[in-house]
Amino acid sequence: MKALFRILIVCAAIAFIGFMFFNTARENEPLEGPNTNSNVIPKTELKQPEEGAMTRPQSGMSTLVGQGAQIVLEQYGEPARKEPSSFGYEWWVYKTSVSSFFMVGMQNNIVTQVYIAGDGLDAAPFKIGQKRDEIYRMTIIDYEVAANVGENIFVFSMSEEDMQTRLLVKFDGLYAQLYIDGETSELQGIRFTDSETLVLHQPYEMIYQGELVIPTPPSSFLQQDINLASGAQLDDLINVTRVHHDLAPLEMDDALDEVARLHSEDMKVQSFLSHESPTNGDLKKRLEVYEIAYNEANENLATAYFDAIEAMHGWLNSPEHRKVILNDKYSLVGSGVFLNYYTQIFIEPTERNVNGEIKDIEEPQDISDTDPNQNIQ
């Protein structure tokens, strides 16, 4: 009898340890972006920048920059979403498929920028998936890149890390930010932009002469819409990123979106950057409040990125955050943004309620069994 009792005690202990191990909410260090310590320094004398040494592309989607809204509508139709930004322009999001995902910045019915992530799009003179070495061979790269806005002069300086993962290339009247996967050395995304939008973003260390170009702060009501838009863009970008790396896309979850959004707001309001809130606890406790069941959960945090595009590429080039993004265990995701605080929660669920019934979650579909041109949900 005593032997049986000991066996039962051991089994109970093993079961408890197993529950604690599998029902886990994992953590990694929050990521602080390049805008955390970037300097913006006024100068009294700056040399007038020369014209761009690279000829502006005559074909491809970069030619949309400076064009009217009607040109975009004629070529690509209505976008899936039109969303506000913190910089005065509106994002038009096109997400018919992963291979044709792109976003257009529109201000006063004029295209100010185009972000391209789909490998089926014409990003001339570049190509999504192109190797960094090839880009260096075909492109004039300099540590410093100058831009003019009226009579004002701005000079951006790239760090060593920028030269590897976030290149800035100058064309005649056009700039290209090249977002490169630091591990594979492949081009993951391209942002073509005009000079004023580049200066508004201040994506690198910057010195300037003249008047600083700054965006008009949005109203509190508009900021709420901007926060929701940035969260939706993170949801889109995570699946574009995963499919680029031959993984199944994730399913969006409204409850996870809400948990993520509230944590981003909490970090800003209470001035902390951590997975553990002074009032709401760690990820496990925050998920429990919404009765979200899971085998494993994880969370990526970031701040000091000027938009969702920059945050996603920052996470991808951080080894610990990259592991989370490219973990094939996860099948659900939720994203939330508050100002420049970003939260993305990943779940390997145990079960969910479907039409009032509790059913086991199916394993995520292998990307080899999916259409590479699948819609982004």
Side-chain angles (χ1 to χ4, degrees), residues 55-130 169 171-179 186-198 200-201 225-226 228-244 249-250 252 306-313 335 370-377:
T55 302
R56 181 167 178 159
Q58 299 301 304
S59 64
M61 297 185 70
S62 71
T63 60
L64 292 175
V65 177
Q67 298 287 340
Q70 191 59 36
I71 298 295
V72 180
L73 292 172
E74 288 173 358
Q75 293 188 30
Y76 300 100
E78 287 287 342
R81 300 194 308 270
K82 293 182 179 180
E83 300 172 329
S85 76
S86 300
F87 300 95
Y89 54 78
E90 186 177 59
W91 276 121
W92 289 15
V93 180
Y94 288 85
K95 45 179 282 183
T96 304
S97 68
V98 171
S99 64
S100 61
F101 182 86
F102 69 100
M103 297 165 57
V104 175
M106 192 75 67
Q107 188 165 24
N108 299 323
N109 287 320
I110 299 296
V111 177
T112 63
Q113 63 187 308
V114 178
Y115 172 74
I116 302 167
D119 58 9
L121 299 172
D122 186 354
F126 308 106
K127 174 70 177 175
I128 298 297
Q130 189 175 15
V169 178
F171 297 91
D172 291 325
L174 182 73
Y175 297 83
Q177 275 187 277
L178 307 181
Y179 296 100
E186 292 181 350
L187 185 61
Q188 293 285 299
I190 308 165
R191 190 197 304 254
F192 291 106
T193 179
D194 61 21
S195 59
E196 184 170 354
T197 304
L198 179 67
L200 280 172
H201 289 164
D225 292 337
I226 293 169
L228 291 174
S230 296
Q233 290 162 22
L234 281 182
D235 280 342
D236 290 336
L237 292 166
I238 185 65
N239 278 341
V240 172
T241 302
R242 282 175 64 92
V243 172
H244 274 323
L250 303 176
M252 312 308 166
F306 67 80
D307 68 6
I309 294 169
E310 290 268 326
M312 181 57 65
H313 285 283
S335 306
T370 63
D371 181 353
N373 295 323
Q374 60 200 293
N375 288 344
I376 306 174
Q377 299 299 320

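The chain is numbered in sequence order, starting from 1. The figures that follow rest on heavy atoms only: side chains count, while hydrogens, waters and symmetry mates do not.
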- prompt: Does the Gln67 side chain pair with the main chain of Leu64, one donor and one acceptor, at a distance under 3.5 Å?
  reply: no
For Phe102, all residues meeting ring pair (Phe, Tyr, Trp, His ring centres under 6.0 Å), sequence neighbours excluded: Tyr76, Tyr94
message: Please tell me whether Phe306 and His313 form a close aromatic pair, meaning their ring centres lie under 6.0 Å apart.
response: no
field: Pair Tyr89-Gln113, side-chain donor/acceptor within less than 3.5 Å
entry: yes
message: If you compare all heavy atoms of Phe101 against all heavy atoms of Leu121, which two are closest, and at what distance to 0.1 Å?
response: O-CD1, 3.5 Å
Polar side-chain atom of Asp122 near backbone of Ala124 as donor-acceptor pair, under 3.5 Å: yes
statement: Contacts of Glu83 meeting salt bridge (Lys or Arg N to Asp or Glu O under 4.0 Å) (sequence neighbours excluded), chain-then-number -> Arg81
Working for side-chain contact (heavy atoms from CB on, under 4.5 Å), residues Met106 and Lys82: CA-CA 9 Å; Met106 192 75 67; Lys82 293 182 179 180; over 6 Å; no
task: Please list, chain by chain and in numerical order, all residues satisfying salt bridge (Lys or Arg N to Asp or Glu O under 4.0 Å) with Glu74, sequence neighbours excluded.
output: none
query: Side chains of Thr112 and Asp194: donor-acceptor distance under 3.5 Å anywhere?
result: no
- prompt: Do the side chain of His244 and the main chain of Ala117 share a donor and acceptor less than 3.5 angstrom apart?
  reply: yes
field: Where Gly173 and Arg56 come nearest, the two heavy atoms and their spacing
entry: O-NH1, 3.2 Å
- request: Would you confirm whether Thr193, through its side chain, and Thr197, through its main-chain N or O, come within 3.5 Å as a donor-acceptor pair?
  value: no
query: Is it true that a side-chain atom of Thr63 and a backbone atom of Ser59 form a donor plus acceptor pair closer than 3.5 Å?
result: no
